[in-house]
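Notes for the one structure printed next.
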Protein chains: 2
Amino acid sequence: MKKISDFNGVCDTDCPVARANDIIGGKWTTLIIRDLLSGKKRYSELARSLAGISPRMLAARLDMLCGAGLVAKTVYPTVPPKTEYELTDAGKRIEPVIAAMAEFGSKLR
Amino acid sequence: MKKISDFNGVCDTDCPVARANDIIGGKWTTLIIRDLLSGKKRYSELARSLAGISPRMLAARLDMLCGAGLVAKTVYPTVPPKTEYELTDAGKRIEPVIAAMAEFGSKLR
DNA sequence: ATATATAACTATAGAAAGTGAAGTAGTTAC
DNA sequence: GTAACTACTTCACTTTCTATAGTTATATAT
């Protein structure tokens, strides 16, 4: 199987903007965070909200965010399975970025 | 020649975050804006600063930003040519997003 | 006179990333 | 015994992006 790289690959480790971009600069990441800001969500809820994302991509982004310590995953060993994703305290520090984006986006056009 | 789509394609026009993401959600856009926040820049300056971007991508992103009215382009008809890119007033409204990213990025890891 | 240098791109080929549909797994309800 | 349910994974294919090689028009060096 082809691997989806975890990060953005633009890794100027000295620039904080570049470091943030490495994590939230992907096509879907900010939208995933936006959804998680209103509370924990199941995989299927995220998939429904993010119309157009492929399951492969959603899983990859969530994995990346978990690996970066920004999102926590809870698996309930039920059948059918249930998984919940939630922002960690570190992940909640992205909120000002999303808020600034919302402000900018609302003034567009 | 293959076309690079201007926008991100995730166009939930009702969500301001998605609208912002459509513009600044690309791999390089926030870094271009970051560079332009410190004043007008030539194409070659941007290319040098954004190590790893292809000339095609840089031109495409700058075109997109100009088309969205966030960046203004000035061409000096000299030889060799000289082009300058500058944030418009609308473009300067992205600054809070970059600032929030910098804040978040500086606290990572 | 010819060759070279220069900046800002554009063209092309190939690598990488992303999509959509189908499959997997394990139990429970019918 | 078959269908349903969720959270993925796999595969084939399309789209995007990178790296490298032009292109253009003049000025300067040889």
From CG of A:Leu58 across to P of D:dT9 the rounded distance in Å is 11 Å
Interatomic distance, CZ@A:Arg48 vs CG@A:Asp35, rounded to 0.5 Å, equals 11.0 Å
Exercise answer: donor-acceptor pairs, residues 67-86 of chain A side-chain atoms, under 3.5 Å, sequence neighbours excluded:
residue : atom : partner : partner atom : Å
A:Tyr76 : OH   : A:Glu84 : OE1          : 3.1
A:Thr78 : OG1  : A:Pro80 : O            : 2.9

When rounded to the nearest 0.5 Å, the distance separating CD1 of B:Ile94 from CE of A:Met101 is 10.0 Å
Side-chain contact check for A:Ser54: nearest option of C:dT19, D:dA19, D:dT9 is C:dT19
Regarding the side chain of B:Met57, the nearest nucleotide among C:dT10, D:dC17, C:dG18 is D:dC17
Computed from five pairs at either end and rounded to 10 degrees, the angle between the axes of the helix from C:dA1-D:dT30 to C:dC30-D:dG1 is 30°
In terms of heavy-atom contacts, A:Phe104 and B:Ala20 come closest through CD2-CB, 3.9 Å
task: Ignoring backbone atoms, test whether B:Ser44 places a side-chain nitrogen or oxygen under 4.0 Å from the OP1 or OP2 oxygen of C:dA8.
output: yes
To the nearest angstrom, the CZ-P distance between A:Arg42 and D:dC8 comes to 10 Å
Separation of D:dC8 atom P from A:Ile53 atom CD1, nearest Å, is 13 Å
Taking C:dG18, C:dA8, D:dC17 as options, the one with an atom nearest any side-chain atom of A:Arg61 is C:dG18
B:Glu45 CD to C:dA8 P, in whole Å, measures 8 Å
Taken in chain and number order and not counting sequence neighbours, the residues that satisfy side chain to side chain donor-acceptor pair (under 3.5 Å) with B:Glu45 are none
Between the CG atom in B:Leu31 and the CG atom in B:Leu50, the distance rounded to the nearest 0.5 Å is 6.0 Å
To the nearest angstrom, the NZ-P distance between B:Lys40 and C:dA8 comes to 14 Å
So, with a heavy-atom separation below 4.0 Å from DNA chain D, the residues of residues 70-81 of chain A are A:Lys73, A:Pro80, A:Pro81
B:Arg56 atom CZ is separated from D:dA21 atom C1', nearest whole Å, by 14 Å
Would one find a side-chain N or O of A:Tyr43 under 4.0 angstrom from OP1 or OP2 of D:dC5?
-> no
From NZ of B:Lys27 across to P of C:dA16 the rounded distance in Å is 11 Å
Looking only at C:dA7, C:dT10, C:dT19, the nucleotide nearest the A:Trp28 side chain is C:dT19
Here the salt bridge (Lys or Arg N to Asp or Glu O under 4.0 Å) pairs for residues 89-99 of chain A, sequence neighbours left out, are A:Asp89-A:Lys92
Taken to the nearest whole Å, CE/A:Met64 to P/C:dG18 is 10 Å
Applying side chain to side chain donor-acceptor pair (under 3.5 Å) to B:Ser38 and not counting sequence neighbours gives B:Lys41
Value for CG (B:Leu65) from OG1 (B:Thr88), rounded to nearest 0.5 Å, stands at 9.5 Å
